[in-house]
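Comments concern the structure below.
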Amino acid sequence: MPPEELDMLIDTAISCNGISYRIQRIPKNEFNRLHKIGYVAPSQRETDIVKVERMLGKEYSLAYSVYGTDSLKEYSLREVRRKNKFRVIIDESDGFIGYYPGERIIMYYGGHSSDQAFFVDTGEDAYNPEYSAFSSNGRFRITGLHSGQDNVEYKIERYNLAQKRFERLCDLYNIMEYSAPYEVYTGRTDYIFNQFWIDNTLYFRLGWQEEDDEDDWTSRFRYVAITIAE
């Protein structure tokens with residue numbers, strides 16, 4: 001792809017599941033300016049399962065196996081119980097990832113090292129905080145889980161006030177790679193970076209290197225904004 005096309009700024013709209021999305025490719029300096037305003041880092045992950053037990057308190061009980069040495073322990077989570085609330089039984093686990101106290105999420109590796117996650121308050125399925133971001137008003141979020149197939153599956157969701165829970169609007173893949181016309185294709189969305197929201201607009205970076213790669217133009221940094229029609 002010629003350099004002049006790489007530098008083209010995109011502004012188009014597509015529809016997914018009956019909702020309109022405006023897709024823009026924006027300049028780096030604009031992205032960096034907004035990133036300082038809207039980006040919120042996930043909470044610090046705790047990987048020591050003994051400390052996680054203490055953090056959760058007496059209402060919870062965890063069953064797990066311990067491998068390795070005292071200096072390099074690894075854990076395999078088998079079960080989490082919350083007294084008189086729920087019980088999460090883990091049939092297949094390749095290891096304990098950690099606990100995110102701010103998001104109240106426990107993560108572990110499932111089959112093929114896929115991400116598995118649940119909320120410790122309810123036992124319901126959750127997401128990987130490292131791949132996710134919320135709008136400041138709590139109305140929108142993008143969530144991600146590693147599939148175990150060298151990609152992350154991202155979902156754009158909106159909070160349903162009546163049901164008091166988030167509902168899926170569309171997969172990011174369907175917006176960026178399936179629905180968008182070829183001439184505005186910005187590259188694969190197996191991984192996105194530095195994602196954040198400002199109001200109803202999601203911002204993120206694609207690519208993993210600053211300079212051009214003659215063999216793979218999609219590896220170059222590109223900055224994208226997706227606005228959800230209200």
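In this structure the side chain of Arg158 reaches within 4.5 angstrom of the side chain of Ile19, judged on heavy atoms. Side-chain contact between Thr201 and Gln24 is absent, with no heavy atoms from C-beta onward closer than 4.5 Å. At a threshold of 4.5 Å between non-hydrogen side-chain atoms, the residues Arg22 and Thr12 do not count as touching. With contacts defined as side-chain heavy-atom distances shorter than 4.5 Å, the pair Ile97/Ile106 does not qualify. Between Asn32 and Asn29 the shortest side-chain heavy-atom distance does not fall below 4.5 Å. Counting heavy atoms from C-beta on, the side chains of Phe204 and Asn194 never come closer than 4.5 Å. You'll find the side chain of Tyr131 stays beyond 4.5 Å of the side chain of Ile142, heavy atoms only. Counting only heavy atoms from C-beta outward, the side chains of Leu206 and Phe193 never approach each other to under 4.5 Å.
Put simply, the side chain of Ser135 gets close to the backbone of Phe140: a donor and an acceptor are under 3.5 Å apart. A donor-acceptor pair under 3.5 Å links the side-chain atoms of Glu103 to the main chain of Ser43, judged by distance alone. Under the 3.5 Å distance criterion, the side-chain polar atoms of Ser132 are matched with a main-chain donor or acceptor of Gly144. Judged by distance alone, with hydrogens and angles left aside, the side-chain atoms of Asn160 form a donor-acceptor pair with the main-chain N or O of Ala162 at under 3.5 Å. Side-chain atoms of Arg78 come within 3.5 Å of backbone atoms of Tyr64 as a donor-acceptor pair (strictly under, hydrogens ignored).
Partner of Glu59 under the side-chain hydrogen bond (donor to acceptor under 3.5 Å, both in side chains) criterion, out of Lys85, Lys83, Arg82: Arg82 alone.
In Tyr109, the OH atom is not crowded: 12 or fewer heavy atoms of neighbouring residues, nucleotides or ligands sit closer than 6.0 Å. A 6.0 Å sphere centred on CD of Glu167 holds more than 12 heavy atoms belonging to other residues, nucleotides or ligands. Dense packing is recorded around CD of Glu30, with more than 12 heavy atoms of other residues, nucleotides or ligands lying under 6.0 Å away.
With a 6.0 Å cutoff to the six-membered ring centre and a 45° limit on the axis angle, Arg141 counts as a cation-pi contact of Phe166. A cation-pi geometry, defined here as NZ or CZ lying under 6.0 Å from the six-membered ring centre and within 45° of its normal, holds between Arg205 and Phe221.
Note: Ile14 CD1 to Ile23 CD1 = 5.0 Å, rounded to the nearest 0.5 Å. Taken to the nearest 0.5 Å, the CD atom of Glu153 stands 12.5 Å off from the CG atom of Asn128. If you take CZ on Arg54 and CD on Glu46, they are separated by 8.5 Å, rounding to the nearest 0.5 Å. Rounding to the nearest 0.5 angstrom, the gap separating the NE2 atom in His146 from the CD atom in Gln116 is 12.0 Å. In this structure, Glu130 CD and Asp115 CG are separated by 9.5 Å, a value rounded to the nearest 0.5 Å. Between atom OG of residue Ser136 and atom CG of residue Asp199 there is a gap of 6.0 Å, rounded to the nearest 0.5 Å.
The minimum heavy-atom distance between Trp197 and Ile156, with the atom names listed, is CH2-CG2, 4.2 Å. What you find for Ile192 and Tyr154 is that their closest heavy atoms are N-OH, 3.0 Å. Shown here for Leu34 and Phe196, the closest heavy-atom pair between the two residues is O-CE1, 3.5 Å. For Arg165 against Glu124, the heavy-atom pair with the smallest separation is NH1-OE2, 4.0 Å. Taking all atoms of both residues into account, the shortest heavy-atom contact from Ser147 to Ser114 is O-CB, 3.5 Å. Nearest heavy-atom pair across Ile226 and Tyr21 is CG2-CD2, 3.8 Å.
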- Task: Check step by step if side chain to side chain contact (heavy atoms under 4.5 Å, CB included) holds for Thr143 and Glu157.
- Result: CA-CA 8 Å; Thr143 62; Glu157 302 175 330; 3.5 Å; yes

- Hey, mind stepping through Lys164 and Tyr159 against side chain to side chain contact (heavy atoms under 4.5 Å, CB included) and telling me if it holds? CA-CA 7 Å; Lys164 296 184 179 180; Tyr159 191 74; 3.4 Å; yes

- Item | Intermediate values then yes/no, side chain to side chain contact (heavy atoms under 4.5 Å, CB included), Tyr127 and Phe119 | CA-CA 9 Å; Tyr127 51 84; Phe119 292 104; 3.6 Å; yes

- Query: What's the verdict on ring pair (Phe, Tyr, Trp, His ring centres under 6.0 Å) for Tyr39 and Phe31, showing C-alpha distance, side-chain angles and the deciding distance?
  - Reply: CA-CA 11 Å; Tyr39 179 73; Phe31 180 89; 9.5 Å; no

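The hydrophobic clustering, which links ILVMFWY residues whose side-chain heavy atoms are closer than 4.5 Å, places Leu145 and Leu169 apart. Linking ILVMFWY residues whenever their side-chain heavy atoms come closer than 4.5 Å, directly or via other members, places Tyr108 and Val66 in the same cluster. Phe118 and Met107 fall into different hydrophobic clusters, defined by Ile, Leu, Val, Met, Phe, Trp and Tyr side-chain heavy atoms under 4.5 Å apart, directly or through other members. A continuous path of ILVMFWY side-chain contacts below 4.5 Å connects Met55 to Leu77, so both sit in one hydrophobic cluster. Residues Val88 and Ile105 fall into different hydrophobic clusters, defined by Ile, Leu, Val, Met, Phe, Trp and Tyr side chains chained together at heavy-atom separations under 4.5 Å.
A salt bridge links Arg104 with Asp121; the closest basic N to acidic carboxylate O contact falls under 4.0 Å.
No close placement of the Tyr203 and His35 rings is indicated, their centers lying 6.0 Å or farther apart.
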